[in-house]
Amino acid sequence: MFKSYFIETYGCQMNVADSELVEGLLQKEGLRHTDKMEDADFIFVNTCAIREHAEEKVHSQLGRYYRIKKQKPDTIIGVLGCMAQHLKNDILENKPYVDIVLGPDSYRKLPEIIRNRVNETNNIVDTTLSRFEVYDDLFPSRNEGINAWISIMRGCDKFCTFCIVPFTRGRERSRSVKSIISEVKQAVSEGFVEITLLGQNVNSYSHGNDGFPVLLEAVADIDGVKRIRYTSPHPQDINEELLDVMASHDTICNYVHLPLQAGNNRILKRMNRTYSKEHFTELANLIRKKLPNVGISTDIIVGFPGETEAEFEETLGVMEKVKFDSAFTFKYSLRPGTKAAEFSDYLPEEVKQTRLENVIELQKKHTLERNLDFVNNVETVLVEKESKRSSSHWAGRTDSNKWVIFEKGTVNIKDFVPVLITAAKGISLHGELVQKEEAIII
Ligand code: SAH
Ligand code: SF4
Ligand code: F3S
């Protein structure tokens with residue numbers, strides 16, 4: 001009876017991967033995907049609760065769906081993902097037009113819900129979090145592409161005091177190496193050349209006696225996997241064993257995401273980040289020593305409750321020491337239910353804004369400095385898409401995760417090509433394709 005679904009996804013790559021899982025389930029039920037939400041029988045939104053802004057975007061989308069439903073009352077609206085838990089009561093009380101609310105561990109219920117929808121008129125709500133659900137036997141429906149997201153663990157037990165994820169996603173649990181390997185093999189056979197292993201805390205992966213380095217090595221040994229990335233790691237779980245595995249496999253990208261959050265020890269402690277700024281900088285140095293030319297990115301939160309000007313400046317100080325290749329920067333956003341929501345020394349918006357601008361400015365300088373180091377190198381670039389600025393140029397990434405723009409020549413998307421880096425501008429590199437023969441000489 002129902003024929004098509006529309007799904008949109010907010011938040012991190014875990015949500016992107018979960019949406020692919022959901023699409024797999026919907027397609028098994030005979031539904032087909034549509035790009036136009038107005039035409040869809042089912043509209044799903046996979047939500048994110050990480051910052052207030054992310055939630056606001058979803059609220060405004062719900063308004064749009066409501067307007068569609070007023071025109072087409074049979075439309076079924078489903079809210080999935082990290083806001084489900086938190087929104088449950090609000091939806092039941094204030095948004096009766098939402099038919100389905102499912103948290104991240106409840107997607108197996110979807111087929112049954114869809115089948116029964118014909119008879120049901122009540123809202124269906126399930127936001128229970130599981131200690132075990134890893135969707136091991138379910139294969140996602142991936143759109144044809146370059147990179148396959150493979151979720152290897154779910155949940156987070158770290159409880160950083162600012163963060164909602166342990167509440168929205170529940171406890172840490174990992175899939176078996178065997179089932180991950182079989183999913184990777186399937187993705188390779190479907191033509192994906194890059195594999196990104198995913199988890200809220202990807203490197204605290206643990207299944208039986210197997211830790212993250214063992215899994216990473218097993219994935220690297222699979223024939224046909226050309227590039228492997230992983231995200232998002234926690235500094236606490238990065239060790240020499242992991243770096244040695246990375247150093248000894250060319251297919252594992254020379255890139256580490258190392259979220260700093262803050263550069264002052266009192267604030268780090270208050271955030272429950274479990275490392276000191278000294279430990280963090282030593283770790284960054286060790287990474288650079290073991291993995292020459294590595295790309296290191298970070299996450300930084302400015303204006304955490306109680307952060308003084310001097311403490312904030314220590315964040316700039318760590319940035320100066322490490323010189324990250326890139327950074328995701330955020331103003332602290334209060335998340336109800338977290339430990340930090342109980343603090344009382346919040347900073348005014350203007351202070352957070354100024355600090356954010358300072359961090360962004362410094363990072364731009366460092367990105368350019370790091371990128372200038374690549375000029376005159378020949379880098380292997382995976383051709384990923386057309387450049388946004390020019391239809392005669394490709395955009396692709398180096399294994400250190402830097403975007404390179406270059407003239408298309410005769411190469412195609414998914415090719416690995418040698419590119420001579422000629423300039424660093426803004427946050428990207430620019431280059432020229434090198435003919436294979438020349439590349440060998442260089
Ligand atoms: N597990 C990952 C982070 C996932 S959330 C890790 O530990 O690195 C991605 C980033 O969002 C975090 O690293 C943090 O910088 C930011 N973030 C999380 N909660 C936030 C909040 N309440 N306000 C502002 N930024 C936040
Ligand atoms: Fe959030 Fe911290 Fe867990 Fe990352 S490690 S998801 S920041 S609680
Ligand atoms: Fe957002 Fe949930 Fe990811 S809160 S960042 S979608 S884990």
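Atom set for the values below is all heavy atoms of this structure, side chains included, hydrogens, waters and symmetry mates excluded. For ligands, and for the atoms within them, numbers begin at 1 and follow the listed sequence.
- Heavy-atom distances between Ile50 and ligand 1 reach below 4.0 Å in at least one pair.
- Contact annotation: for Arg51 versus ligand 1, heavy atoms closer than 4.0 Å belong to the side chain alone.
- Between Ser333, Ala327, Cys12, Pro233, it is Ser333 that holds the heavy atom closest to atom 22 (N) of ligand 1.
- A donor atom on one side chain and an acceptor atom on the other are found under 3.5 Å apart for Ser19 and Asn46.
- Atom 4 (Fe) of ligand 2 has its nearest heavy-atom neighbour, among Gln261, Lys158, Arg273, in Arg273.
- Residues Asn147 and Ile195 have side chains not in contact (no heavy-atom distance under 4.5 Å, counting atoms from C-beta outward).
- For atom 12 (C) of ligand 1, the nearest non-hydrogen atom from the set Ile301, Val202, Thr231, Asp299 comes from Asp299.
- In this structure, the protein non-hydrogen atom closest to atom 3 (Fe) of ligand 2 is Cys156 SG, 2.2 Å.
- Within the listing of ligand 2, atoms 7 (S) sit less than 4.0 angstrom from a heavy atom of Phe162.
- Of the protein's non-hydrogen atoms, Cys12 SG, 2.3 Å is the one closest to atom 3 (Fe) of ligand 3.
- To the nearest 0.5 Å, atom NZ of residue Lys109 and atom CG of residue Asn116 are 12.5 Å apart.
- Within ligand 1, the atoms closer than 4.0 Å to a non-hydrogen atom of Tyr332 are 23 (N), 24 (C), numbered from 1 in the order shown.
- Contact annotation: Met14 has no heavy atom less than 4.0 Å from any atom of ligand 3.
- Contact annotation: for Arg273 versus ligand 1, heavy atoms closer than 4.0 Å belong to the side chain alone.
- Contacts between Cys82 and ligand 3 below 4.0 angstrom, taking non-hydrogen atoms only, involve the side chain exclusively.
- Counting heavy atoms under 4.0 Å from ligand 2, residue Cys160 touches it through both backbone and side chain.
- For atom 2 (C) of ligand 1, the closest non-hydrogen atom of the protein is Ser232 OG, 3.6 Å.
- Remark: ligand 3 atoms within the under-4.0 Å shell around heavy atoms of Gln200 are 7 (S).
- Looking only at heavy atoms of the protein, atom 8 (O) of ligand 1 is closest to Pro259 CG, 3.0 Å.
- Close contacts of ligand 1 with Arg335, meaning ligand atoms under 4.0 Å from a residue heavy atom, involve 22 (N).
- Atom OH of Tyr66 has 12 or fewer neighbouring heavy atoms from other residues, nucleotides or ligands inside a 6.0 Å radius.
- Taking atom 24 (C) of ligand 1 as the reference point, the nearest protein heavy-atom neighbour is Lys331 O, 3.3 Å.
- Scanning the protein for heavy atoms near atom 1 (N) of ligand 1, the closest one is Gln200 O, 2.7 Å.
- In this structure, atom 4 (C) of ligand 1 is not in close contact with the protein, since no protein heavy atom lies within 4.0 Å of it.
- The residues Glu29 and Arg115 are annotated as salt-bridged, a charged nitrogen and a carboxylate oxygen being separated by less than 4.0 angstrom.
- The only member of Arg169, Arg173, Arg108, Arg171 that meets salt bridge (Lys or Arg N to Asp or Glu O under 4.0 Å) when paired with Glu133 is Arg108.
- The structure places CZ of Phe162 at 9.0 Å from CG of Asn272, a figure rounded to the nearest 0.5 Å.
- Of the heavy atoms in Gln261, only side-chain atoms (C-beta onward) come closer than 4.0 Å to ligand 1.
- A salt bridge does not link Glu379 to Lys402: none of the charged side-chain nitrogens sits closer than 4.0 Å to a carboxylate oxygen.
- Scanning the protein for heavy atoms near atom 1 (Fe) of ligand 2, the closest one is Cys163 SG, 2.3 Å.
- In this structure, a donor-acceptor pair under 3.5 Å is absent between the side chains of Ser182 and Gln186.
- Every atom of ligand 3 is numbered from 1 in the order shown, and the set under 4.0 Å from a heavy atom of Asn15 is 6 (S).
- Here Asp137 does not pair with Arg175 in a salt bridge; the nearest charged N to carboxylate O distance is not below 4.0 Å.
- The ring of Phe167 has its center closer than 6.0 angstrom to the ring center of Phe159.
- A salt bridge between Arg355 and Glu307 is present, with a side-chain N of the basic residue lying under 4.0 Å from a carboxylate O of the acidic one.
- One finds no salt bridge joining Asp39 and Lys3 here, because no Lys/Arg side-chain nitrogen approaches an Asp/Glu carboxylate oxygen to under 4.0 Å.
- Tyr230 and Phe212 have their aromatic ring centers within a separation under 6.0 angstrom.
- Classification of the Tyr5-His33 ring pair by plane angle, with boundaries at 30° and 60°, yields perpendicular.
- Of all protein heavy atoms, the one lying nearest to atom 4 (S) of ligand 3 is Ala49 N, 3.3 Å.
- With a heavy-atom cut-off of 4.0 Å, Pro166 touches ligand 2 through its side chain alone.
- Under a 4.0 Å criterion applied to the non-hydrogen atoms of Val165, ligand 2 contributes the atoms 6 (S).
- The contact set between ligand 2 and His234, taken as ligand atoms under 4.0 Å from a residue heavy atom, comprises 5 (S).
- Shown in contact with Cys48 at under 4.0 Å from a heavy atom are these atoms of ligand 3, numbered in order with element: 1 (Fe), 4 (S), 5 (S), 6 (S).
- In terms of N/O distances under 3.5 Å, ligand 1 is not approached by His234.
- Checking side-chain atoms of Gln353 against main-chain N and O of Glu349 turns up no donor-acceptor pair under 3.5 Å.
- With respect to Glu311 and Arg266, a salt bridge is recorded, a charged nitrogen being found less than 4.0 Å from a carboxylate O.
- With Thr161, Asp157, Asn201 as candidates, the residue nearest to atom 5 (S) of ligand 2 on a non-hydrogen basis is Asn201.
- At a 4.0 Å heavy-atom cut-off, ligand 1 touches Phe162 through backbone and side chain alike.
- Remark: Lys57 does not engage Glu8 in a salt bridge, criterion side-chain N to carboxylate O under 4.0 Å.
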